[in-house]
Peer 1: 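Please read through the structure below; I'll follow up with questions.
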Protein chains: 2
Amino acid sequence: MMMAGLRERKKEQTRRRIAEVALRLFGERGYDAVTVNEVAEAAGVAKVTLFAYFPSKDSLVLDGVKEDTAAIVAGRGDRPPLQALREHYRLMGRQDQGEMDVEGLLTRIRVISSSPALLAGVQQTHMSQREELACALAEALQERGLAPRLMAAQITAAVTTLQEAFFHRLATGVPLEEAGRLLGDEVELAFDLLEYGFSMLKGEIS
Amino acid sequence: MMMAGLRERKKEQTRRRIAEVALRLFGERGYDAVTVNEVAEAAGVAKVTLFAYFPSKDSLVLDGVKEDTAAIVAGRGDRPPLQALREHYRLMGRQDQGEMDVEGLLTRIRVISSSPALLAGVQQTHMSQREELACALAEALQERGLAPRLMAAQITAAVTTLQEAFFHRLATGVPLEEAGRLLGDEVELAFDLLEYGFSMLKGEIS
DNA sequence: TTCAAAAATGTACCCGGTATGGTTTATGCT
DNA sequence: AGCATAAACCATACCGGGTACATTTTTGAA
């Protein structure tokens, strides 16, 4: 019963294989020039099976890029929401030096950056996070008007901008360490700006 | 030579007919439940011809919803960019009372609001405007760093939020006049917030 | 009237994604 | 061990959006 069976391991393995093959092919020949049929065939699996693991072509690349800003706010403890977010992104530039697959991450970013469809995809995920963030903020601040939505939109916009700059640097050859350092500085700037702006909102609403 | 020919008039007319038929069908049966083939047939035209007028299915609905924030900034005269934008949106709530086709506008908004694909589409157009706006701001403020992109992102986020609230009210039955009034108030609030925030940026960068 | 450009068309095709129905394969139970 | 079951997998056919191409109709102008 549920002994972490061989079945589940094989599934996980197949899933990883598909994603890896896809990333490799996309990196070699470009996202749009590779069909899902080719990916499936190269991974030794049927198209239907591929779509059983990944709901769409872009999820082959975008899965695992999800951010969870709403969760950060929800689990912020006793800190104010903005501070929790700032501290989270402050770490983002440093942490990935560990055992992470830097090579794969870089080709992933390159693939994303060179495909309009994928860029649109990541923006879409940001936008869906925005709604959740708005709800989390509304609850955290006990405000139900336009203010939390406005704040969520501005936070999301700032984070998106930071991430785009970061990705763009990585995609154009800036070494990871330097990109991380620059990102750190920009995070502080962006959150200073947000905090400053919201200080006015707080005065106006409550 | 170029006498505003009958040719061009017929083209315009065909284009309008296609768009109107599409909007009607989408309004009756939902965006996803109507195929482009049906639209083409109902408009008395071939599918290929339809795609010669409109580059995609969603453009059947979304064409003409384009905002041109970058153009507003570029043509701002001697006013600062934010003021030009504020004045533009200040008018948006009032102007459409004129000869505009209110009925068509409402069904258009209803169709958009009830289709995830179309909602994603309008967000995409906002995002592409963001890039242009960033360029316009960079030129207007003589700043090439992160600041103009951050400002553009925040402005776009605010405008998107305002428009969403406006659309949502219209789609849920709030009368146009009241929605316009509320929008007007919110425009002032949002731009106050933006101006307040940017005042800090100006101090920091120059 | 004639002629060349523009517009419209029919057809066939590509690709992402889904539905269906059947076949293998791991698993839990006896 | 052996067996039933459910999960994973697959082949195939299909759908809808979108494009390429070659052909035909329309239209403005000489």
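Lettering follows sequence order; numbering is per chain, from 1.
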Peer 1: Side chain of V48(A): nearest nucleotide among dT27(D), dT19(D), dA19(C)?
Peer 2: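 Selected nucleotide: dA19(C).
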Peer 1: In whole Å, I'd like the distance from the CD atom of E41(B) to the C1' atom of dG10(C).
Peer 2: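 Nearest whole value for this atom pair: 14 Å.
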Peer 1: What does V34(A) touch in the nucleic acid at a heavy-atom separation under 4.0 angstrom: a base, only the sugar-phosphate, or nothing?
Peer 2: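 Contact class for V34(A): sugar-phosphate only.
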Peer 1: Select one nucleotide: of dG10(C), dT27(D), dG17(C), the one nearest the side-chain heavy atoms of F51(A).
Peer 2: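 Out of dG10(C), dT27(D), dG17(C), the nucleotide with an atom closest to F51(A)'s side chain is dG17(C).
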Peer 1: Considering only NZ, NE, NH1 and NH2 on the basic side and carboxylate oxygens on the acidic side, decide whether E12(B) and R16(B) come within less than 4.0 Å.
Peer 2: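 Salt bridge between E12(B) and R16(B), a charged N being under 4.0 Å from a carboxylate O: no.
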Peer 1: Starting from P on dT18(C), measure out to CZ on F54(A) and report it in whole angstrom.
Peer 2: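 So the CZ-P distance, F54(A) to dT18(C), works out to 15 Å.
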Peer 1: Less than 4.0 angstrom between a side-chain N/O of Y53(B) and OP1 or OP2 of dA7(C), yes or no?
Peer 2: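 Result: no.
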Peer 1: Scan V36(A) against the nucleic acid and name what it touches under 4.0 Å (heavy atoms): base, sugar-phosphate only, or nothing.
Peer 2: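 Here V36(A) touches the backbone only, sparing every base.
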Peer 1: Which is more 5' along DNA chain C, the nucleotide nearest D58(A) or the one nearest L50(B)? Just name the residue.
Peer 2: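 The answer here is L50(B).
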Peer 1: Take atom NZ of K11(A) and atom C1' of dA7(D), then tell me their distance rounded to the nearest Å.
Peer 2: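 Answer to the nearest Å: 8 Å.
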Peer 1: Report yes if a donor N or O on one partner sits less than 3.5 Å from an acceptor N or O on the other, where the partners are the side chain of K47(B) and the base of dG18(D); otherwise report no.
Peer 2: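 Looking at the base of dG18(D), it does pair with a donor or acceptor on the side chain of K47(B) (distance under 3.5 Å).
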Peer 1: Whole-Å distance between dA6(C) P and R9(B) CZ?
Peer 2: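 Those two atoms, CZ and P, are 19 Å apart.
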Peer 1: Just checking, any donor-acceptor pair under 3.5 angstrom between side chains of S56(B) and D58(B)?
Peer 2: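 Looking only at side-chain atoms, D58(B) and S56(B) do form a donor-acceptor pair, the distance falling under 3.5 Å.
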Peer 1: What is the minimum heavy-atom distance between V21(A) and A43(A), and which atoms define it?
Peer 2: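 Distance-wise, the nearest heavy atoms are CG1-N, 4.1 Å.
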Peer 1: Quick one: which of dG18(D), dG16(C), dT9(C) gets closest to the side chain of K57(B)?
Peer 2: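 Between dG18(D), dG16(C), dT9(C), the one nearest the side chain of K57(B) would be dG18(D).
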Peer 1: Over how many whole Å does the gap from R29(A) atom CZ to dC15(C) atom P extend?
Peer 2: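 That distance rounds to 11 Å.
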Peer 1: Could you go step by step and tell me if R15(A) and D63(A) meet the salt bridge (charged side-chain N to carboxylate O under 4.0 Å, His left out) rule?
Peer 2: CA-CA 11 Å; R15(A) 191 191 161 83; D63(A) 251 34; 2.7 Å; yes
Peer 1: Nearest to the T35(A) side chain among dG17(D), dG10(C), dG16(C), which nucleotide is it?
Peer 2: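 Closest nucleotide among those given: dG16(C).
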